[in-house]
2 protein chains.
Amino acid sequence: MTSQFTVHGRLWIEGPDGTIIGHGRVELLEKIDDLGSLSAAAAALGMSYRYAWKLVKLMNEHSDKPLITLSSGGRGGGHAELTATGKDAVATYRLTDREFERFLTEQAEKLPR
Amino acid sequence: MTSQFTVHGRLWIEGPDGTIIGHGRVELLEKIDDLGSLSAAAAALGMSYRYAWKLVKLMNEHSDKPLITLSSGGRGGGHAELTATGKDAVATYRLTDREFERFLTEQAEKLPR
DNA sequence: TATCGATATGCGTGGCGATGCATAACGATG
DNA sequence: CATCGTTATGCATCGCCACGCATATCGATA
């Protein structure tokens with residue numbers, strides 16, 4: 001049967017240019033893609049706008065091609081959008097993350113008792 | 001061939017009593033088992049004795065049966081030793097950790113490019 | 001051209017992991 | 001019973017992550 005133990009973990013993907021994409025960043029990217037707004041995405045995740053903005057800046061700086069485009073002013077006050085690179089990154093991460101979830105439950109069942 | 005991306009991760013095992021055992025704690029346990037001394041183990045890992053002692057206390061408190069026995073005074077000034085439970089915990093963790101390493105490299109090869 | 005909502009960014013703060021210092025207690029052994 | 005090396009534990013601190021406040025900027029639109 002299932003073990004009394006549970007196996008947990010975190011994983012992240014590093015690119016050759018130093019990009020790091022993990023759980024939190026991917027969630028942010030997905031929310032941005034969903035809502036078209038950085039402030040709304042941050043709020044939806046219970047994350048401060050200040051910090052979300054820093055993450056976006058870091059990701060864009062450390063990546064060869066930017067993952068997110070931000071524009072201020074205009075209708076609605078501004079806009080946030082994923083680039084094709086950004087969407088690719090999300091998709092790639094989600095793929096390996098799904099495998100990871102399978103791995104974790106699979107390992108938990110191997111544990112004693 | 002191999003991808004330009006690399007997949008990294010951390011994993012830990014939680015017991016029903018709230019025990020948490022992960023990379024750092026296991027390394028400490030192994031060093032204790034190896035050296036028979038908490039202060040020596042901490043030093044060998046470049047970890048402060050203060051913190052290593054706290055970790056041991058936490059692990060023992062949160063586990064049903066203690067993982068480490070500590071004794072002060074006497075020949076050599078004191079002694080640290082793993083219980084059978086402690087050794088089991090290490091062995092179990094190492095087993096799933098080995099699988100985890102395989103998983104990570106395996107996933108990295110699935111990534112684009 | 002005034003408004004409005006979002007982006008842009010500095011500055012101070014609080015929690016947490018981890019360190020370092022200092023001091024006490026312990027107990028086998030000489 | 002003095003010594004010695006380790007365990008035992010308080011307290012102050014440092015760095016990093018993340019938050020919160022405050023303010024400036026931008027640009028479509030009414």
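Predicted model only: the values in this text are computed from it and were never measured. In the text below, chain A, chain B and the rest are named by the order of the sequence lines, each starting its count at 1.
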Undergrad: What does A/G36 touch in the nucleic acid at a heavy-atom separation under 4.0 angstrom: a base, only the sugar-phosphate, or nothing?
TA: nothing
Undergrad: Answer yes or no: is there a donor N or O on one side and an acceptor on the other, between the side chain of B/T83 and the main chain of B/P66, under 3.5 Å?
TA: yes
Undergrad: Minimum heavy-atom separation for A/A44 to A/L35, with atom names?
TA: CB-CD1, 4.1 Å
Undergrad: Nearest whole angstrom, please: distance from the P of C/dG17 to the NE2 of B/H23.
TA: 17 Å
Undergrad: Give the rounded distance in Å between these two atoms: NZ of A/K54 and C1' of C/dT7.
TA: 16 Å
Undergrad: Quick check: does any side chain N or O of B/T105 sit under 3.5 Å from a backbone N or O of B/R102, one acting as donor and the other as acceptor?
TA: yes
Undergrad: Which residue in the set B/D34, B/V90, B/L67 passes side-chain contact (heavy atoms from CB on, under 4.5 Å) when paired with B/L82?
TA: B/V90
Undergrad: Record whether the side chain of B/R75 comes under 3.5 Å of the base of C/dG30 through a donor-acceptor pair of N or O atoms.
TA: no
Undergrad: Atom CG of A/L58 to atom C1' of C/dA8: distance rounded to whole Å?
TA: 15 Å
Undergrad: Quick one: on DNA chain C, does B/A52 or A/A40 contact a more 5' nucleotide (nearest heavy atom)?
TA: A/A40
Undergrad: Taking the side chain of A/S48 as its heavy atoms from C-beta onward, which of D/dG20, C/dA18, C/dT7 lies nearest to it?
TA: D/dG20
Undergrad: Rounded to the Å, how far apart are B/Y51 OH and D/dT7 P?
TA: 18 Å
Undergrad: If you check the B/W53 side chain, which of C/dA8, D/dT7, D/dT9 turns out closest?
TA: D/dT9
Undergrad: Tell me whether the side-chain N/O atoms of B/S39 come closer than 4.0 Å to OP1 or OP2 in D/dT7.
TA: yes
Undergrad: Output the rounded distance in Å from CG (B/L28) to P (C/dT19).
TA: 11 Å
Undergrad: Among D/dG20, D/dC11, D/dT6, which nucleotide has an atom closest to any side-chain atom of B/R50?
TA: D/dC11
Undergrad: Looking at D/dT7, I'd like to know if its phosphate oxygens (OP1 or OP2) sit under 4.0 Å from a side-chain N or O belonging to B/S37.
TA: yes
Undergrad: With a 4.0 Å cut-off on heavy atoms, is A/G78 in touch with a base, just the backbone sugar-phosphate, or nothing at all?
TA: sugar-phosphate
Undergrad: Check this one for me: any side-chain N or O of A/S72 less than 4.0 Å away from OP1 or OP2 of D/dG27?
TA: no
Undergrad: B/L38 has an atom CG; how far is it from atom P of D/dG5, in whole Å?
TA: 17 Å
Undergrad: Give the ring-plane orientation class for B/F100 versus A/F100, where under 30° counts as parallel, over 60° as perpendicular and anything between as tilted.
TA: tilted
Undergrad: Which residue lies toward the 5' end of DNA chain D, A/Y49 or A/G73, if each is placed at its nearest nucleotide?
TA: A/Y49
Undergrad: In whole Å, what is the span from the CD atom of A/E81 to the P atom of C/dT7?
TA: 12 Å
Undergrad: Find the distance A/L55:CG to C/dT9:C1' and express it as a whole number of Å.
TA: 15 Å
